[in-house]
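Since the model is a prediction, treat every value here as computed from it, not as a measurement.
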Amino acid sequence: MIDDGQGNVKGLEYLQMELGEPDASGRRRPVPIEGSETILDVDMVISAISQQPDISFMEGEPEKENIAITRWNTFDNDPETLQCSVPYLFTGGDVATGPSLVVDAIGGGRRAARSIHQYITGEEVKGTPRSLRKRHIPESLFEKVSGVVKSPRTPMPELPVAQRIDSMIEVDQVISEADAKHESSRCLDCCRICYNPDIIDRKDQNAA
């Protein structure tokens with residue numbers, strides 16, 4: 001990483017790679033391309049490759065023995081409130097869940113912030129529901145949402161039977177870029193908690 005001289009990251013330097021000669025196992029290992037150093041302009045870097053929780057900072061903490069740690073070396077916590085066995089300690093991200101996605105860590109931070117606010121203001125720490133998959137919110141169950149047009153799922157292209165018989169080629173193929181964009185749009189228009197108000201519903205237009 002490259003800083004701006006004031007402790008802030010401003011760039012990430014990386015090397016381009018290419019496949020080298022086969023090794024003893026027959027696999028071609030990636031090797032760096034000499035002189036391919038490239039600097040990518042960034043204002044934030046999240047390191048999330050082969051990471052594991054480092055809780056060595058707890059060695060000098062007086063509450064160390066009261067803080068429950070799981071066998072995966074993560075902080076044990078209430079999955080709804082993210083509150084640990086020590087009431088004033090809240091946690092989230094990989095140190096609570098183990099290796100996961102950045103978006104999960106960001107969501108955990110937001111939920112932990114809510115619980116922390118409840119704790120320091122003297123409220124009951126209730127947190128927020130961890131998942132809405134099985135908890136329907138009445139306000140999000142619409143019979144009809146203006147602007148949303150039902151669209152079918154993009155069918156997965158498959159290799160014709162005649163080409164499958166005498167080959168080991170995978171049957172399932174890859175959808176096109178246009179179909180991928182269609183799928184992402186269709187998924188976002190789920191009619192539960194989000195919709196696209198910019199699209200005029202045909203039925204509403206005809207009724208008008």
Determine whether V125 and L82 fall in the same hydrophobic cluster, where Ile, Leu, Val, Met, Phe, Trp and Tyr are linked whenever their side-chain heavy atoms lie under 4.5 Å apart. no
Quick one: does S36's side chain have a donor or acceptor within less than 3.5 Å of a partner on I33's backbone? yes
At their closest point, which heavy atom of T81 faces which heavy atom of F90, and how far apart are they? O-CD2, 3.8 Å
Shortest non-hydrogen contact between I175 and M156, atoms and distance: CG2-SD, 4.1 Å
If I take atom OH from residue Y14 and atom CD1 from residue I39, how far apart are they, to the nearest 0.5 angstrom? 10.0 Å
Atom CZ of R164: over 12 foreign heavy atoms under 6.0 Å: yes
Interatomic distance, CD@E158 vs CD@Q163, rounded to 0.5 Å, equals 12.5 Å
The reported gap from CE in M17 to CZ in R29 (rounded to nearest 0.5 angstrom) is 11.5 Å
Using every non-hydrogen atom in the two residues, find where S85 and A68 come nearest and quote the distance to one decimal. OG-N, 2.8 Å
Does CD belonging to E123 count more than 12 external heavy atoms closer than 6.0 Å? yes
Do any N or O atoms from the side chain of Q118 and from the backbone of K126 form a donor-acceptor pair under 3.5 angstrom? yes
V86 and I120: same hydrophobic cluster, using ILVMFWY side-chain contacts below 4.5 Å? yes
Find the distance between CH2 (W72) and OG1 (T74) and round it off to the nearest 0.5 Å. 7.0 Å
Can you confirm whether D4 is buried at CG, in the sense that more than 12 heavy atoms of other residues, nucleotides or ligands lie under 6.0 Å from that atom? yes
Check the surroundings of atom CD in E13: do more than 12 heavy atoms from other residues, nucleotides or ligands lie under 6.0 Å from it? yes
If hydrophobic clusters are built from ILVMFWY residues whose side chains come within less than 4.5 Å, do F75 and I116 share one? yes
Any donor-acceptor pair under 3.5 Å linking the side chain of R28 with the backbone of G20? yes
Considering all heavy atoms, the nearest E183-T154 contact: OE2-N, 2.9 Å
Nearest-0.5 Å distance that lies between atom CG in L89 and atom CG in N66: 11.0 Å
Go through the side-chain N and O atoms of Q83 and S115 and say whether any donor and acceptor fall under 3.5 Å apart. no
How long is the gap from CD1 on I106 to CZ on R111, to the nearest 0.5 Å? 13.0 Å
Treating Ile, Leu, Val, Met, Phe, Trp and Tyr as nodes and any side-chain heavy-atom pair under 4.5 angstrom as an edge, say whether L40 and I2 lie in one connected cluster. no
Within-4.5 Å side-chain heavy-atom neighbours: T97 and D104: no
Side chains of E170 and L159: does their closest heavy-atom pair fall under 4.5 Å? no
Measuring only between side-chain heavy atoms, which start at C-beta, is D94 closer than 4.5 Å to S100? yes
